[in-house]
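Scroll down for the structure; my scribbles are underneath it.
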Amino acid sequence: MTGYLVPTKKVRVSDFAQKKARKEKWAMLTAYDYSTARVLSEAGIECLLVGDSAANVVFGYDTTNRVGLDEMAYLGAAVVRGAGNAFVIVDMPFGTYEASDAQCVVNATELIRRTGAQMLKLEGGVRMAPRIKALKDAGLLVCAHVGFTPQSVDALGGFKVQRERLREDTAAVVEAGADMVVFEMVPADLAGEITAECTIPTIGIGAGAGTDAQVLVWHDMAALPEGARRPSFVEVFGEVGAELTRAAAAYKQAVHQGRFPDAAHSF
Ligand code: KIV
C-alpha cells in the first residue's frame, strides 16, 4: 500500500543527523502494538516511540510511573515487528534507571535485547548525564528528554511549561553523548534558539515549530477515544475514536438484527 513518502530502507540514527544538517523536518509518533506500528510506518512516519505514555493510553493509569520493564518489553517487541523501515525508540520506564549507572545499563540492555529497538529514551537533563554517558559507554543509542518530564510530574508541581533549566539540561545531555533530545512543554522561542545551536537533533512536543522534529502520542493526534481530554498543544489530524465507535455500533446493530453474518460471510 501507499502513495505516502515511505523510507525505502531502514532508518538509521545517522539519517536524523543528516536531516538536521539539511534542515529537513521529520515526524515521530508513539506506537504500542504491531498493527498500529504497521499503519504508522506505512504512512511514512520516520520514527516510532514506544512511550511510557502506554501507562495512560494502553493501561489506563493516571501516571506514566505505573508502567514497568516487562510491559514496555512486550509492547516494544510488538512495535518492532510491525515497524518496517521506521526507526524505533523505547522508553526506559520509571524505576529502572534512577538508582545507579549499573542499574541503568542492565535494564537498558535488557530492553534492547527483548524488543529489538534501536534506541532508548530516558527523562532528565543534568541529573541524568552520568546515566547517558554510561549507556553510551555500553554501546547504546540514547534519546534524552528534558523540559517537562512526565515521570517527575509531582516534583515539578504538575503539568507546567518549563523554561529555567532547558539550556543547562540540553548542554549536559549533549556533553554526555546523547544522540537526540526531546523538548516537552517549553516556550517555542527558546526551543527554536537552542535547536539552532544544538549539535544533535531536537524533537518537540509542545515546544513550537522550531525543533528539528515533532512527536505526539498517536491517540491524541487521532482523537482516540472520542472526547478525551488532550493537552492544548495537540492538533487532531483524524477522528479515529469516532470512526471506531461508529463501526462498533454498526456491528452491534447488524448482530442484533440478524444481518451479520450474511451468506457471503458464512461457510
Ligand atoms: O511517553 C511518551 O509518549 C513520551 C513522549 C510523547 C515524548 O515520552
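Just so you know, ligand 1 is whichever comes first in the structure, and atom 1 is the first atom listed for that ligand.
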Show me the short polar-atom pairs for ligand 1: any N or O of it lying under 3.5 Å from a protein N or O, with distances only.
residue  : atom  : partner : partner atom : Å
ligand 1 : 1 (O) : D52     : N            : 3.1
ligand 1 : 1 (O) : D52     : OD1          : 3.0
ligand 1 : 1 (O) : S53     : N            : 3.0
ligand 1 : 1 (O) : S53     : OG           : 3.2
ligand 1 : 1 (O) : D91     : OD2          : 3.1
ligand 1 : 3 (O) : S53     : OG           : 2.5
ligand 1 : 8 (O) : K121    : NZ           : 2.8

Please tabulate, one pair per line, all N/O donor-acceptor pairs under 3.5 Å involving side-chain atoms of residues 171-183, not counting sequence neighbours.
residue : atom : partner : partner atom : Å
D179    : OD1  : K136    : NZ           : 3.1
D179    : OD2  : K136    : NZ           : 2.9
D179    : OD2  : V142    : N            : 2.8

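A salt bridge links R113 to E110: one of the charged nitrogens lies within less than 4.0 Å of a carboxylate oxygen.
Evaluation of the salt bridge (Lys or Arg N to Asp or Glu O under 4.0 Å) rule for D15 yields no partner, not counting sequence neighbours. Remark: R22 pairs with E24 by the salt bridge (Lys or Arg N to Asp or Glu O under 4.0 Å) rule, at least two apart or across chains.
F87 and F16 have perpendicular rings, their planes meeting at more than 60° on a 0 to 90° scale where under 30° would count as parallel.
The closest side-chain heavy-atom distance from E184 to Q162 is not below 4.5 Å.
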